[in-house]
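Worksheet: one structure, shown below.
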Amino acid sequence: MRSKKDQKLYDKTKRYLEKIGDKEIDQKMKVIDSVLEKTDKEERYSYLYDLICDYLDNEFREKDICGFCHDLCKRRRDMMERNVKKDTYINGCCHSYSKNADCPHLKKGGGCDIKNIGCKTFTCFYLRKQGIRYTLNKIYLARYFFNTRQKFYMENTFFVDKPIIMEGILKRG
């Protein structure tokens with residue numbers, strides 16, 4: 001039997017999915033059930049974190065949002081086609097301009113070897129101009145399970161691995 005708090009999370013999530021007209025409500029509510037089965041706070045947050053990272057990875061891969069070709073994203077290829085010489089680093093947003101180096105977690109051939117929600121929700125100005133933006137408030141798994149401080153922390157902490165992020169989530173919980 002669920003606690004009152006868990007039932008409230010379940011009901012709020014279901015209402016949110018109904019409000020946005022999600023066609024996969026039953027399937028997503030089963031996922032919420034699996035989340036609510038985790039009674040330990042750290043275990044629940046860790047499970048949610050992994051689910052959100054997997055969701056974002058699938059979104060970007062299936063929709064080919066960044067449109068990588070030869071390690072260049074759509075934006076940088078577009079700039080090269082228009083003969084704009086600056087800002088044509090390979091590996092898209094995984095390149096740090098201040099350090100003039102790629103993220104140390106970037107795998108050869110693309111992809112990332114860590115789970116970092118901040119990196120995964122980030123979209124550059126070029127994509128945001130096209131209406132492509134990811135926030136944890138729009139992801140049903142995060143909307144009611146994390147508080148505002150936790151979501152802000154996750155969306156704004158880049159290039160660090162999950163254990164460090166989990167510490168920050170628990171501190172802000």
Side-chain angles (χ1 to χ4, degrees), residues 13 16-17 19-25 27-28 31-32 35 45-146 148-169 172:
T13 302
Y16 171 70
L17 291 171
K19 179 182 171 187
I20 64 169
D22 196 297
K23 293 173 178 66
E24 300 172 351
I25 291 178
Q27 180 183 348
K28 289 181 177 178
V31 173
I32 296 298
V35 170
Y45 284 150
S46 178
Y47 183 62
L48 278 164
Y49 192 90
D50 289 342
L51 289 172
I52 293 166
C53 284
D54 293 344
Y55 163 78
L56 289 165
D57 283 341
N58 286 334
E59 278 285 295
F60 275 76
R61 186 177 34 256
E62 287 175 11
K63 294 179 180 177
D64 194 24
I65 289 174
C66 295
F68 276 98
C69 182
H70 304 295
D71 294 329
L72 287 175
C73 64
K74 289 180 207 174
R75 172 183 176 232
R76 288 182 170 80
R77 284 197 320 274
D78 182 46
M79 292 176 83
M80 287 177 72
E81 287 170 12
R82 292 184 292 132
N83 291 322
V84 177
K85 298 289 184 209
K86 70 174 199 164
D87 198 21
T88 55
Y89 296 108
I90 62 170
N91 298 322
C93 298
C94 296
H95 184 87
S96 171
Y97 301 108
S98 61
K99 296 177 183 174
N100 196 22
D102 288 339
C103 173
H105 303 289
L106 187 64
K107 292 188 297 191
K108 223 176 183 73
C112 185
D113 67 2
I114 63 169
K115 290 191 174 211
N116 183 296
I117 288 177
C119 295
K120 294 175 188 304
T121 56
F122 180 82
T123 51
C124 66
F125 179 71
Y126 183 83
L127 293 176
R128 287 192 304 264
K129 246 171 65 175
Q130 297 172 27
I132 300 170
R133 178 177 220 127
Y134 287 86
T135 67
L136 290 177
N137 271 337
K138 291 184 179 178
I139 299 173
Y140 80 102
L141 289 165
R143 187 172 179 94
Y144 301 113
F145 284 91
F146 294 103
T148 303
R149 291 177 61 222
Q150 290 169 320
K151 288 185 269 194
F152 181 82
Y153 173 75
M154 286 187 282
E155 288 179 333
N156 293 286
T157 304
F158 303 99
F159 307 128
V160 295
D161 206 354
K162 180 183 171 185
I164 295 167
I165 303 285
M166 289 306 301
E167 284 179 31
I169 292 170
R172 289 160 178 81

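- If you take NZ on K28 and OH on Y55, they are separated by 6.0 Å, rounding to the nearest 0.5 Å.
- Within the structure, the salt bridge (charged side-chain N to carboxylate O under 4.0 Å, His left out) test picks out the following pairs touching residues 46-60 (sequence neighbours left out): D50-K115, D50-K162, D54-K115, D57-K120, E59-K63.
- With N156 contributing its side chain and F152 its backbone, the two residues share a donor-acceptor pair below 3.5 Å.
- A heavy-atom distance below 4.5 Å is found between the side chains of Y140 and V31.
- Sorted by first and then second residue, the salt bridge (charged side-chain N to carboxylate O under 4.0 Å, His left out) pairs involving residues 131-140 (not counting sequence neighbours) form an empty list.
- Closest non-hydrogen pair, A142 versus L136, comes out as CB-O, 3.5 Å.
- The side chain to side chain contact (heavy atoms under 4.5 Å, CB included) with F146 is formed by just one residue from the set N137, I52, I139, I117; it is I52.
- Between the side chain of R61 and the main chain of L56, no donor-acceptor pair closer than 3.5 Å is present.
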### Query
Between R75 and C124, does a side-chain contact (heavy atoms from CB on, under 4.5 Å) hold up when you go through it step by step?
CA-CA 9 Å; R75 172 183 176 232; C124 66; 4.1 Å; yes
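- Residue E155 comes nearest to T135 through the heavy atom pair OE2-CA, 3.1 Å, listed as atom of the first residue, atom of the second, then distance.
- Atom OG of S46 is separated from atom CD1 of I165 by 12.5 Å, given to the nearest 0.5 angstrom.
- The aromatic ring centroids of F60 and Y134 lie less than 6.0 Å from each other.
- Checked against the 6.0 Å centroid threshold, F145 and Y45 do not count as a close aromatic pair.
- Rounded to the nearest 0.5 Å, atoms SG (C93) and CG (L106) are 11.5 Å apart.
- The line from OG1 of T123 to CD1 of I65 is 8.5 Å long, rounded to the nearest 0.5 Å.
- Once rounded to the nearest 0.5 Å, the distance linking CD1 of I32 with CG of L141 reads 5.0 Å.
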### Message
Run Y126 and I132 through side-chain contact (heavy atoms from CB on, under 4.5 Å) and show every step you take.
### Response
CA-CA 9 Å; Y126 183 83; I132 300 170; over 6 Å; no
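- Between the CZ atom in F158 and the CG atom in N116 there is a gap of 7.5 Å [rounded to 0.5 Å].
- One N or O on the side chain of D22 and one on the backbone of E24 form a donor-acceptor pair closer than 3.5 Å.
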